[in-house]
Novice: 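The following block contains the structure, expressed as structure tokens.
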Amino acid sequence: MTLRADDAGVTVHPRQFPTNRGGLCQKGWTAAELLDHPERLTTPLVRDAATGELHPASWDTALDRVVAGIRAVQDHAGRDAVAVFGGGGLTNEKAYALGKFARIGLRTRHIDYNGRFCMSSAAAAGMRAFGIDRGLPFPLADLGRADTLLLVGANPAETMPPLVRWLTEQRRDGGKLIVIDPRVTATARQADLHLQPLPGTDLAVANALLHIALTEGWVDRAYVADRTSGFDAVRRGVAAWWPARAEQLSGVPVADLEATARALGTGGRVIILTARGAEQHAKGVDTVTAYVNLALALGLPGRDGSGYGCLTGQGNGQGGREHGQKADQLPGYRRIDDPAAREHVAGVWGVSADELPGPGVPAYKLLDSLGTPGGPRALLVFGSNPVVSAPRAARIEGRLRDLDLLVVADLLLSETAALADVVLPTAQWAEEDGTMTNLEGRVLRRRALRPPPPGVRTDLAIISDLAARLADAESPNATPTDADPTDANPTGVRPAAVAAARFPADPAAVFAELRRASAGGAADYAGISWDRIDADDGVYWPCPTEDGPDTPRLFADRFATPDGRARFHPVDHRPAAEEVCATYPLHFTTGRVLAQYQSGTQTRRVAALRRAAPEAFVELHPDLASRLGIDDGDPVRVTSRRGEFSAPARLSAGIRPDTVFAPFHYAGAGRANSVTNDAVDPISGMPEFKICAVRVEKA
Ligand SMILES: Nc1nc2c(c(=O)[nH]1)N[C@H]1C(S)=C(S)[C@@H](COP(=O)(O)OP(=O)(O)OC[C@H]3O[C@@H](n4cnc5c(=O)[nH]c(N)nc54)[C@H](O)[C@@H]3O)O[C@H]1N2
Ligand SMILES: Nc1nc2c(c(=O)[nH]1)N[C@H]1C(S)=C(S)[C@@H](COP(=O)(O)OP(=O)(O)OC[C@H]3O[C@@H](n4cnc5c(=O)[nH]c(N)nc54)[C@H](O)[C@@H]3O)O[C@H]1N2
Ligand SMILES: [Mo]
């Protein structure tokens, strides 16, 4: 999109771009409303010890309080007692700076981010199968050309409206759209075939589809032999998933399984996509793996117009997972426990590899350890609102309250910021330059239209300021004349100045460094310049050299594994972490609505969006409702072993009668995450947002 500023304020205008072709969703159209919103934070806030209230404060006061708090915690409990929590909405530059700041500014191993709640299961499955994790290994435009497109747990009609144009085009040209979702969503309504499984049974469905493809002889034997390894174990495993067994478990009729397998197995160009419905489970990695197995057996990945992909979520959901804000990761999608990766990145950062901390822990584990014995005692949050978005949110809210120091950088007083000791007002998207990487691995520019309002600083400036003050606090006696023994500082400048230079606030400088740090990694940005992004409508990573090509399509000749072959992994169904019982007899699942975004900090404050989706609701089938004595609009209470929330009932014949749905965008009494399960996937750390057991009653 483009922006214009005039007397009427800033307005958003769609732009012809290859991905959205001039389309924007309502949240995009209305985004400018937040730039000058009356609730926008324009001064730091510091909690007064006497009154317990947040009060406006100067930047000096606020940053001094942060630095003193960090020092006190680290002196007392060690470096790892401070933790950082980032977000997939941050630009690449900010994600990079935040990871670097944690590792060499704070020298803590504890950093993770909200992408753990979002992309992590698909990322882990992609890594183990293909050796690389890029949401789509092909351009979005391929969707428009697919003969068969299977969407598993994705509702792009509400979550990615501009993408729906590709689906419309696909069906206009005779393509078949198949959707797997326990609800008749706006997306499912457009499908030729809608499979409506019980939540948490997608893995069994995938194994049955592969079972059918094997029986019918649709498996691409030559591809399996030439380009993959490990098929035999998968073949043996899915032999036990005869369609009737999958029907019994999932409720999807055998005939629909067969029709789906046929469309996938006999179509020309075939694309399989997963999103959060399939991924946000304690078996999310295995479920995605089952669909990757299916795609590989059919010979799809790397074939022109075909493949497997994951619909990446947040604005920078892809870039956010490449530059080092993940607990186990260094820039360039490198592993922090890989000695060669540590050497390389330490070299770019001007430290020795021994000084880099080791891996931290995944987001939920980190949040759940805050303020507990041995856990971090201070947390810095940039770009997330876990009080609303974390599973079992009441417990996490309690953990945040137990901290010695909570610092939140945000544009608005989110529910998490409202608990903070220090709130730092930060710039918005229209006020800073930078880059984002979309679901295609295409690196895009974000351009500043105007400077931040007076009193507001960018996240990069905040990180830079904090690094400088921390360095000073660490060497309190350093003076401008002190000789510094390290080569990095032969002139005896103050440690603060060294640190500020190490953490530049200028996004162009950060991007230049990010390119060097990513060079040679999986997500290689070395050849990507802002100019090239402008000239080419974005640049696809990997792009190792400025004059060499970028990579719109991966896997044409080889996969990113050591032997170039994709790897099958046998996976089997297992029950949800929590099953229904007499006390909690219903399946509960969560997701999104068109007019709200995530934890709602931003969209709940936009008038048109608030009108369109003012409050939480509980979607339930009319048969279930009548059994429970509930009418449309009645206030209902949803209770799980972990808590309860209340919202009006919304009756819909489009949901399974054994399943209840609510959006997670709302806080307070309508907070769906008060009941969700905090069981996590053993590989990715992804929480089980998409299924738990509840009881529903009239409130
Ligand atoms: N309007 C809007 N758009 C957004 C966002 C937003 O908050 N609001 N957030 C962005 C982000 S960060 C993300 S990650 C994406 C998410 O995009 P999506 O993954 O499309 O969104 P969800 O609504 O979380 O889940 C998709 C569907 O999964 C279904 N589902 C629930 N349980 C299961 C299950 O067990 N199996 C299957 N097959 N389906 C199931 C739900 O009914 C839902 O329709 O959206 C992005 N776009
Ligand atoms: N039950 C349930 N829970 C879920 C999900 C689900 O499907 N069901 N989905 C999960 C998923 S996929 C995701 S991605 C998470 C998202 O949930 P959150 O991580 O809470 O994401 P946001 O609501 O986008 O929070 C972003 C916060 O950062 C602020 N912000 C925006 N831009 C910036 C910036 O540039 N800098 C700084 N410092 N702050 C900024 C916003 O005002 C907002 O308060 O929720 C997860 N939680
Ligand atoms: Mo997400």
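In listed order, ligands and their atoms are each counted from 1. Residues take their numbers from the sequence shown, with the count starting at 1. Since the structure is predicted, the reported quantities are computational estimates derived from the model, not experimental observations.
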Novice: May I ask you to identify, for Asn385, whether its side chain, its backbone, both or neither come under 4.0 Å of ligand 2 on a heavy-atom basis?
Specialist: both
Novice: Of all the atoms in ligand 2, which lie at a distance below 4.0 Å from a heavy atom belonging to Asn673?
Specialist: 1 (N), 2 (C), 3 (N)
Novice: Just jot down the ligand 2 atoms closer than 4.0 angstrom to any heavy atom of Ala409, in number order.
Specialist: 37 (C), 38 (N), 39 (N)
Novice: Answer whether the closest heavy-atom distance between the side chains of Leu151 and Ile178 falls below 4.5 Å.
Specialist: no
Novice: Apply side-chain contact (heavy atoms from CB on, under 4.5 Å) to Ala123 and list each qualifying residue two or more places apart in sequence or on a separate chain.
Specialist: Asp133, Arg321, Lys326, Tyr333
Novice: Counting only heavy atoms, which portion of Thr91 has something under 4.0 Å from ligand 2: side chain, backbone, both, or neither?
Specialist: neither
Novice: Taking only heavy atoms of Asp459 into account, list the atoms of ligand 2 that are under 4.0 Å away from them.
Specialist: 34 (C), 35 (O), 36 (N), 37 (C), 38 (N)
Novice: With a 6.0 Å cut-off on the ring centroids, do Tyr291 and Tyr308 count as close?
Specialist: no
Novice: State whether a side-chain donor-acceptor pair under 3.5 Å links Asp286 with Thr289.
Specialist: no
Novice: For the residue pair Phe661 and Phe617, does the interplanar ring angle fall in the parallel (under 30°), tilted (30 to 60°) or perpendicular (over 60°) class?
Specialist: tilted
Novice: Counting only heavy atoms, which portion of Lys94 has something under 4.0 Å from ligand 2: side chain, backbone, both, or neither?
Specialist: side chain
Novice: Check ring-ring contact (aromatic ring centres under 6.0 Å, His included) between Phe645 and all other residues, then give those that pass, not counting sequence neighbours.
Specialist: Phe588
Novice: Step through the shown structure and confirm whether more than 12 heavy atoms of other residues, nucleotides or ligands are within 6.0 Å of CZ on Arg650.
Specialist: no
Novice: Hey, which residues fall under 4.0 Å of ligand 1 on heavy atoms?
Specialist: Lys27, Cys118, Gly153, Ala154, Asn155, Glu158, Thr159, Met160, Ile180, Asp181, Pro182, Arg183, Thr185, Pro199, Gly200, Asp202, Ala275, Arg276, Gly277, His281, Gly313, Gln314, Thr589, Gly591, Arg592, Val593, Leu594, Gln596, Tyr597, Gln598, His665, Lys690
Novice: Please enumerate all residues that pass ring-ring contact (aromatic ring centres under 6.0 Å, His included) together with His281, with sequence neighbours excluded.
Specialist: none
Novice: Answer yes or no for Leu411: is there a heavy-atom contact with ligand 2 below 4.0 Å?
Specialist: yes
Novice: Does some non-hydrogen atom of Asp410 fall short of 4.0 Å from ligand 2?
Specialist: yes
Novice: Judged by modelled atom types alone, do Thr287 and Asp202 share a side-chain donor-acceptor pair under 3.5 Å?
Specialist: no
Novice: If the plane angle is over 60° it's perpendicular, under 30° parallel, otherwise tilted; pick one for Trp241 and His573.
Specialist: perpendicular
